[in-house]
Number of protein chains: 2
Amino acid sequence: MSGPRFEPVRTVRAYERIVEQVEEAIESGALSPGQRLPSERDLMGQFSVSRSTVREALRVLQARGLVRSRPGDPNGAEVLPFSPDALQRSMASLARVEGLSLGELVQFRMVLDGSANLLAARLRTPGQLAEMEAAIERMREAVTRGYDEFSAADLAFHDAVARASGNKLIQICVEVVRSIVLGLVADRLADAPDREALMRRSIRHHEEVLAAVRDGDGPLAARLARRTMYDYYAGYVPAAERPALRALLDQPHSAPE
Amino acid sequence: MSGPRFEPVRTVRAYERIVEQVEEAIESGALSPGQRLPSERDLMGQFSVSRSTVREALRVLQARGLVRSRPGDPNGAEVLPFSPDALQRSMASLARVEGLSLGELVQFRMVLDGSANLLAARLRTPGQLAEMEAAIERMREAVTRGYDEFSAADLAFHDAVARASGNKLIQICVEVVRSIVLGLVADRLADAPDREALMRRSIRHHEEVLAAVRDGDGPLAARLARRTMYDYYAGYVPAAERPALRALLDQPHSAPE
DNA sequence: ATGCATTTGTTCGTATGTATC
DNA sequence: AGATACATACGAACAAATGCA
């Protein structure tokens, strides 16, 4: 009795088909970063749609960070190299819309940075270790040269650790979350009254982390990294959220209730 | 001599201004999920731009997962509740374009799931503990009822743990990365010859994790969770990548080389 | 350095399919 | 069933920006 199994059809917009095809071409490597798409007029020919449709597709591709187009460019839209911008915007939007608290963001950084240090302690190459040392040296020099340079050197250190972890996903997420957190507290960090003391203490903590990474003691490096992060940011996190952060720090085994 | 400090100007597209304004309205709460935007015709009046420009803006908003529009809808575009879809697409695209290996994804899951368990062990409520127990019970029942149900129950367990961590960012990332990993290995998992034995072993591991969470022993729960994940997925990860995964498992302090 | 041709950004008008009342 | 309002899609046109001869 039962006839052939039909599947429900969903009407798919014309511009979506275009997006799919271009996306596929980029992900398959047929179109690589730096290359140009045909001009809008060519595209309307190739897809046999109107220019408006082509443009809507290009807007979507641009919103996803895959291409960029400028007026007057005799070549078509440019295929962009991957960048975590889209990821970052999604997370930033998540943070605002979903009401992510600073505490949750810092906690996430503690998790990521701790794990990155754990892995880096085991997997680092001598060259990566040298990068970390150089970054700390830059931090020392920056103490007298202002907070901006200090922050840049600090970034370089955490980046080097993230790279040494050997996990690109960790690396990118560290970068994304860091920039969101900084966006939330940068002004307060820069205005801190005892800024120089903060920087010096931060450097000392980073040196301890580096020593653990150098020794290959992953668990220690992870613990120190989490504590460093906590010390640096806890003051900006509402007191009510701090216990959740401390749950990531060393604890004398389990605390019975 | 130096005149007033002029700032570089960047020409900003008309549709971008529209996107900004609508985005701002949504993030500020002036527009909340379920509400409707004015119709495209109204919008072209309010922004005094053409229809095409309005539509390009709507395409971008739609691509970012903020609104949805259907033909024939007597109301305008619908404001959507936040969903991690955009985040997930960004990460999935990241995984393909950037060539993320299965090993890196599994490693990331080990990090997230381990941390979620660590936090859950300290912060869980009795209700959340009951959810975890119920999920494991569903896993037991599902052993004889097929892999799909088992997988769903497994998902429920990890979700309950992630919720109990109290960190929405961890929760969302766990969900996103899990679905990407499953997309890569689902077929191989389903076709495993000794599927039932795998399921039984997985249940045993989950029970151990749950016991640690119940006891409030965070570090133990984290270690067990990472090991559970490793045992379940390591077979699908190329042997060359496995040492990086094992770097996240317990190690007798540091292994001198 | 100046035009020129081309491309994108934007507008307007029109026709068509579709969902709601 | 019909009227209405909506989104989808097309095509022609003009302005602004770019690259190149």
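Sequence lines set the chain letters: A, B, ... in the order given, protein chains first and strands last, and positions in each chain run from 1.
Rounded to a whole Å, the CZ atom of R17(A) is 15 Å from the C1' atom of dT8(D). Atom pair R36(A):CZ and dT6(C):P shows a separation of 18 Å (rounding to whole Å applied). Per the geometry, CZ belonging to R68(A) stands 14 Å off P belonging to dT8(C), to the nearest Å. dT8(C) atom C1' lies 13 Å from atom CG of D42(A), rounded to whole Å. As a whole-Å value, the separation of R41(A) CZ from dC10(D) C1' is 15 Å.
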Please list every donor-acceptor pair under 3.5 Å in which a side-chain atom of residues 40-49 of chain A meets a protein atom from a residue at least two apart or in another chain.
unit_1 : atom_1 : unit_2 : atom_2 : d
E40(A) : OE1    : R51(A) : NH1    : 2.4
E40(A) : OE1    : R55(A) : NH1    : 3.3
E40(A) : OE2    : R55(A) : NH1    : 2.9

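H158(B) is linked by a ring-ring contact (aromatic ring centres under 6.0 Å, His included) to H206(B), counting only residues two or more places apart in sequence or in another chain. Residues meeting the salt bridge (charged side-chain N to carboxylate O under 4.0 Å, His left out) test with R64(B), sequence neighbours left out: E23(B). For R13(B), the side chain to side chain contact (heavy atoms under 4.5 Å, CB included) criterion is met by P71(A), T11(B), Y15(B), E16(B), not counting sequence neighbours. R68(A) meets the salt bridge (charged side-chain N to carboxylate O under 4.0 Å, His left out) test with E78(A); sequence neighbours excluded. Checked against side chain to side chain contact (heavy atoms under 4.5 Å, CB included), L31(A) has the following partners two or more places apart in sequence or in another chain: A25(A), I26(A), Q35(A), L37(A), V79(A). For D154(A), the salt bridge (charged side-chain N to carboxylate O under 4.0 Å, His left out) partners are R178(A), not counting sequence neighbours. With sequence neighbours left out, the side chain to side chain contact (heavy atoms under 4.5 Å, CB included) criterion links S50(A) to S52(A), T53(A).
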Filtered N/O pairs between nucleotides 18-21 of chain D and protein, under 3.5 Å:
unit_1  : atom_1 : unit_2 : atom_2 : d
dT18(D) : O2     : G72(A) : O      : 3.2
dG19(D) : OP1    : R70(A) : NH2    : 3.0

With the criterion being N/O to N/O and under 3.5 Å, what pairs connect the protein with nucleotides 10-13 of chain C, and how long is each?
unit_1  : atom_1 : unit_2 : atom_2 : d
dT10(C) : OP1    : A14(B) : N      : 2.5
dT10(C) : O4     : R51(A) : NH2    : 3.0
dT11(C) : OP2    : S50(B) : N      : 2.8
dT11(C) : OP2    : S50(B) : OG     : 3.0
dT11(C) : OP2    : T53(B) : OG1    : 2.3
dC12(C) : N4     : S52(B) : OG     : 3.4

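Counted by atom type alone, S69(A) and R59(A) present one or more donor-acceptor pairs between their side chains at under 3.5 Å.
The list of salt bridge (charged side-chain N to carboxylate O under 4.0 Å, His left out) pairs with a residue in residues 132-144 of chain B, not counting sequence neighbours, reads E133(B)-R214(B), E137(B)-R140(B), R140(B)-E207(B).
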**OP:** Represent DNA chain C in dot-bracket notation, 5' to 3'. Only Watson-Crick or G-U wobble pairs with both distances under 3.5 Å count; pseudoknot-style crossings use [ ] and interstrand partners use |.
**Re:** .||||||||||||||||||||

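Residue R163(B) forms a side chain to side chain donor-acceptor pair (under 3.5 Å) with just one option from Q171(B), E131(B), Q128(B), and that option is E131(B).
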